[in-house]
Amino acid sequence: MQAVAVAVPISYMRDAVGRGSVTATTRGTMVGQSQSRINDAELIREAQRGNRAAFEDLVRQYDHAVLRLALHMTGTEQDAKDIYQEAFLKAYRNMGSFRFECSFYTWIYRIVTNLCLDHLRKRQVRKEDAPVVTDSSGEEYNLLDQVADDRSGASPERDLMRRELGKRIAKALEKLTPRERMVFEMKHYQGLKLRTIGDALNTTEETAKNTLFRATQKLRAALADMR
Amino acid sequence: MNCEWVKENVTLYLYNELADDARHELEQHLGRCKDCDAEVAEVRQLHEKMNALPQLEVTPNLLASARMSLQEALETTEQKNGWLRFAFDPMHWLQQMRFSPALAAVIFIVGFGGGIATMYRTASHQPTEGQTVVTQDRRSEASIAGIRSITQEPGSDKVQIQYDSTIPEKYQGSISDPKVQELLLMASRSNYNSGVRIDSVDLLNKKADDPQVREALIYALRYDSNPGVRLKALEGLSGLVKQDIRVRNAVLEALLNDNNPGVRTGALRALEAVKADTSVRQALQQLSTEDPSTYIRTESKRLLASMPHIY
């Protein structure tokens, strides 16, 4: 197993979300990362001794990012919650086997990405429609209907066009393989570095790069007629 | 840098994943090549389109409910290898000690004092030649071999752990010393390190006349997993094939059944002295036709041919 130290503070990940690009890592964030790793190491040791409070502290550091990834990948709050719970329970049960060969962040991301990939594979078999999601009360609604265009100059026509575009994009994303979908999500929407993505998927940066290239080509082909 | 390379790396360029020099070269290339510039514009447009997809965000309610469910589930979840928490972790212990400078001073003083004390002890107890010396350092070298039981006192946080510990010891003495022989016999049978077994069998070979030692050598020849140990045992037993029928049988057994050709060859040589023996002759006949090693077949035939009067 490749042992690479990757620690991305949650605040950094949140900043990168939605912009599709990541700003250069500053000296401040690097100090923050190493500090976060030291704190993590202490918490992990405590958690390995059966201290549940320490484990819950660890969870709180990473759970927003984990839940967000699961939510984007599954499209439903219930599935995202299930994956979140399964991932952290798996981590808790196997704390004893954590050997500090990678950061806790990479480790938990490995677990989550595997669970999400399993979920996507099962869903591909069932051929479910992606944009239809259920809210916490179990009611179904179309994800794209929830988008309100609050920009100035928004009009019903533009809103309709945006919804159409959203539907096409969602369909194009459905055509990607689970792995391509995962890499694209982690890069474009989560703003993670390819190296981090490679670590989380237990593969090399080069393979992650190739998968991203394939995903981009497929999306381009699927959305080529849209201007 | 050519257009092909640019097309493959446009995505990395737009995601800011290219190294500075590659980025600079790519930008230079874009200034010169209209096709590649158009390619970059197209991928950039795709990224903008993809950003138009509405993204579900984690609401505080969702996060709180996920955390609550997880907390409930953790109540009933056990860690695998939970007993590890009882194991002694020196790093953790040291981390608990927040007075490192004081600890360093204590270690220094104890080390210094210990060094002087050891010097006095060794100076006043220099062993004379042939004298038995037993060295023990119970404090630093003892290791926990296994935990027998863990009991918690009811109504308190006290835990009683019963465990076995092993302490390394050293024994030095003459080969004729019964204690040395006893240890060698033990090493020849049970030590997990084959190097130690070879050394002990080698030493025991010198005392092969002793029935107990002979027994141990026969055992090693028959059952040791390491061919080197079996060969060493065979070396010690070779001289005894004439006088001891049990040794002869063990060597014969090795000749017929040992999976190592080297051991079989050694057994063949050892049995040359008793080749007239019926059981040996039978074994030789079998080997001369069936043994997978050409050398052993030839040697068996040669030995059989050298005693024509038997037929």
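All values below come from the heavy atoms of this structure, side chains included, with hydrogens, waters and symmetry mates left out. Throughout, protein chains are lettered first and strands after them, A, B, ... in sequence-line order, and every chain is numbered starting at 1.
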Contacts of type salt bridge (Lys or Arg N to Asp or Glu O under 4.0 Å), residue Glu206(A), not counting sequence neighbours: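 For Glu206(A) the salt bridge (Lys or Arg N to Asp or Glu O under 4.0 Å) partners, ignoring immediate neighbours, are Lys209(A).
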Exceeds 12 heavy-atom contacts within 6.0 angstrom, atom CG of Asp164(B):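 More than 12 within 6.0 Å, yes.
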Within 6.0 Å of NZ in Lys218(A), more than 12 heavy atoms from elsewhere: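 Counting other residues, nucleotides and ligands, NZ of Lys218(A) exceeds 12 neighbours.
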Contact class of Arg220(A) relative to chain B, heavy atoms under 4.5 angstrom: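 Backbone plus side chain of Arg220(A), per the 4.5 Å heavy-atom cut-off to chain B.
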Chain A interface, residue from Thr11(B), Asn9(B), Leu74(B), Val43(B) that has the most non-hydrogen pairs under 4.5 Å: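 Among Thr11(B), Asn9(B), Leu74(B), Val43(B), the one with the most close pairs to chain A is Leu74(B).
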Looking at [X] and [Y], what are the two nearest heavy atoms and their distance?
{"X": "Glu17(B)", "Y": "Leu194(A)", "value": "OE2-N, 2.7 Å"}
{"X": "His188(A)", "Y": "Tyr15(B)", "value": "ND1-OH, 2.7 Å"}
{"X": "Met50(B)", "Y": "Leu219(A)", "value": "CE-CD1, 3.9 Å"}
{"X": "Gln55(B)", "Y": "Tyr189(A)", "value": "NE2-CE2, 3.4 Å"}

Contact leader toward chain B among Phe88(A), Phe55(A), Phe213(A), where contacts are heavy-atom pairs under 4.5 Å: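 Ranked by contacts with chain B, first place is Phe213(A).
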Show me, pair by pair, the donor-acceptor contacts under 3.5 angstrom made by side chains of residues 59-71 of chain B, not counting sequence neighbours?
| residue | atom | partner | partner atom | Å |
| --- | --- | --- | --- | --- |
| Thr59(B) | OG1 | Leu62(B) | N | 3.1 |
| Ser65(B) | OG | Lys81(A) | NZ | 2.6 |
| Arg67(B) | NE | Asp63(A) | OD2 | 2.6 |
| Arg67(B) | NH2 | Asp63(A) | OD1 | 3.0 |
| Arg67(B) | NH2 | Asp63(A) | OD2 | 3.3 |
| Ser69(B) | OG | Ser65(B) | O | 2.9 |
| Gln71(B) | NE2 | Glu56(A) | OE1 | 3.2 |

Pair Glu75(B) + Arg52(A): basic N to acidic O under 4.0 Å: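 Arg52(A) and Glu75(B): salt-bridged.
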Part of Glu72(B) within contact of chain A (heavy atom distance under 4.5 Å):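 Looking at Glu72(B), nothing touches chain A.
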